[in-house]
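Reading through the structure tokens given below for one structure.
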Amino acid sequence: MGRSQSIAGMRRLLRRQEFWLALLTLLLGVGIGLANPAFLSLANLFDLCQSSTVTGLFAMGVLIVLVSGGIDVSFAAIGAFSMYVTSKVLLAWGFQGSAAIAFLLAAAIGASLGLFNALFIAFFRLPTLIVTLGSASLFRGFLLAFIGTTIVNNLPEGMIRFSKLTLWERTLPGGTTAGLSSSFLWLIGAALFVGFLLQWTMLGRGIYAMGGSLVAAERAGFRIRRQQLFIYGLAGLLSGVAGLVHACMMRNANPFDLVGMELNVIAAVVLGGASITGGRGTVLGTVLGVLLIVTINNSLILLNIPSYWQKVVTGGVILVSTGITARTSGRRIHGVGLC
Amino acid sequence: MLTNHPKTIAPKPPRIGLAILRESSLFRLLIVTLAIFLSMGLLNGDRFFSYRNCASMCFQFPELGVFSLAIMVSLITGGIDLSIISIANLAGLAAGLVLAQSGANSTHILPAIGLALAVSVLCGLLNGWLIGYLRITPILATLGTMQLFMGIAFVLTKGHAVAGYPDAFQTLGNGTLLYLPIPLVLFLLCALALQILLSRTTLGMRLCLMGTNPTAAVFAGLNVPRLQVKTYVLSALLAGIAGLIVIARTNSAKADYGTSYLLQAVLVAILAGVDPRGGFGTVWGILLAVLSLQFLSSGLNLLRFQEYAGPYINNFTKEFTWGALLLLVMVLHRGHGEGRPEATGRRL
């Protein structure tokens, strides 16, 4: 009895995308570490965590949207918009206080832009890809045409102070210090929040339900419109925070930044097992997917691979992993589930 | 997903001549196009109607037009091909590498064109195989190949541009034929061929059926994987032609040329009334939509020279306007009951 149970448990584990992903990431880590021990140094690991923060925050928003059966390509534009407008506004006020206000403002701007998306999706019921494609161009165009194109180099004092905070610091043998930036807390917080929301709340179950079948979820009594307003609002909010974290890390606000990383983030979430047709996806998988993509992008240099190979490698990883997923979960009828 | 709502409206064969005006979405689009044309004319005065502006518009929009045709093919079948720009650049690069070696010698032109088209067909075969046989969803498959193809182009060139082609080849992008710019002629030929394919052949009918209701297509006994391979080969081939026009016009090939064309091509297709959920789209719509977008772009460019508007217009005003236009048109289509508001469970 016990044995068959453990075999069943094993089978279940083998069928989980998270398991394979963790294994792949681990193997990759060991492989890179063997090729170049610098990969496993504390400084590099902190660096990876820091690089994962912005991608990870965006990915949490994308995860909720994907689970609900939609797709969002406007998050990077929302992030850039919130970050730049927040920096400009705070500078114009001559604001010197804590970074909390900056984050609040960026989150509010992000959430309202997300709600703008939701308006079209919930009330006009337009396809989410097209809406967010349009709004991404709208936000970015508005930002660059009417707000500004110059990089803000003198960020408000509070943001600079925040960027210098570290959670944990170690002095390395060489005398330099390596620290884990406190902005990593944002990612941990967002992951816990989204995980709790999706797994333990009625709203979260409703989001899975509408991703599985919008019609069924509606008939089961879930309020689709409200959920959509919440989903896109929250995705916008997370994007706003991600944008500001990016500005703090870079110590400047560049309105041209962020846009262009959309596909990397979506790839990370999908690698993490979220289904692009909705109804499937976990926070753990997403975190692992982000880790894998960031590791690949950051480690090619450590492996002495010229950076122009980066796109080939990322593209290959996306294709191989989605191919494996499609084969293992391929119980659909041929031709169904095109998108 | 099996919750597809029944799409009962069979794709009507696109009609020719004035009858197309009865197609209400096309009629609306015609009005939008004329309105943009006239308002840009009013705002800019003679400059907009000048020979120089008209000629430059005629050289500019065919590239986008061919890209839009390419993306329409995939949208009609209910998928999407995000890799068209990468395919165009890779195919263009393949031709460019051959042409740049030949110098002024024009004997290499035909082999170079053949190579470009062969490369694009190969790219399309890979896309089709991934989507049809490995059953990866089109967004993801083409998202991956988009990076892959662009990556290969980067590896081949290490990021540099490959420039300097024979004059004879450059006429393909800059020359005229009977007073018509050759890119325009190529675009019209592609449009005509696609129109015939979609409205007069079994393949076209099957592509529309597959997009209208993939489940029905399976049960109707269509070989869906093979149809998908054909779809993505067709869209890749169109992308390859666009790539050739691009390198002939700019006299150089680059791994990451014109990435903003992707958004614009989707925008044109949606403006054109192509249903992003699959099943419907017309070449006439693409023609009007790409024209209206070109009027808008050129008009906004010219406005920079006007004293009253100049300071407020830059490249990003265009981006803003495109986004606004896309959302507006979607809402308008929806307002006329064509947005098919029923939940389908299949979304892009």
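A note on names: the letters A, B, ... follow the listed sequences, proteins ahead of strands, and every chain is numbered from 1.
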Which atoms of [X] come close to chain A, meaning under 4.5 Å heavy atom to heavy atom: side chain ones, backbone ones, both, or neither?
X: Val266(B); value: side chain
X: Ala324(B); value: both
X: Leu267(B); value: neither

Do you know which two heavy atoms are closest between [X] and [Y], and how far apart they sit?
X: Leu327(B); Y: Leu138(A); result: CD1-CD2, 4.1 Å
X: Leu326(B); Y: Leu133(A); result: CD2-C, 4.4 Å
X: Gly323(B); Y: Ser137(A); result: N-OG, 3.4 Å
X: Gly316(A); Y: Leu148(B); result: N-CD1, 4.2 Å

Measure the spacing between [atom1] of [X] and [atom2] of [Y] and express it to the nearest 0.5 Å.
X: Leu82(B); Y: Leu129(A); atom1: CG; atom2: CG; result: 7.5 Å
X: Phe124(A); Y: Met330(B); atom1: CZ; atom2: CE; result: 11.0 Å
X: Leu144(A); Y: Lys318(B); atom1: CG; atom2: NZ; result: 13.5 Å
X: Glu319(B); Y: Leu143(A); atom1: CD; atom2: CG; result: 9.5 Å

Exercise for the section: Measure the shortest side-chain to side-chain distance between Asn264(A) and Gln147(B) over non-hydrogen atoms and say whether it is less than 4.5 angstrom. Expected result: yes
Handout entry: More than 12 heavy atoms from other groups under 6.0 Å of CZ on Arg205(A)
Key = yes
Exercise for the section: Specify whether Phe320(B) and Phe142(A) have parallel, tilted or perpendicular ring planes, treating 30° as the upper limit for parallel and 60° as the lower limit for perpendicular. Expected result: tilted
Completion exercise
So, the part of Ser275(A) with a heavy atom under 4.5 Å from chain B: the answer is neither
Problem - Segment of Val131(A) engaging chain B (4.5 angstrom heavy-atom cut-off) - result: both
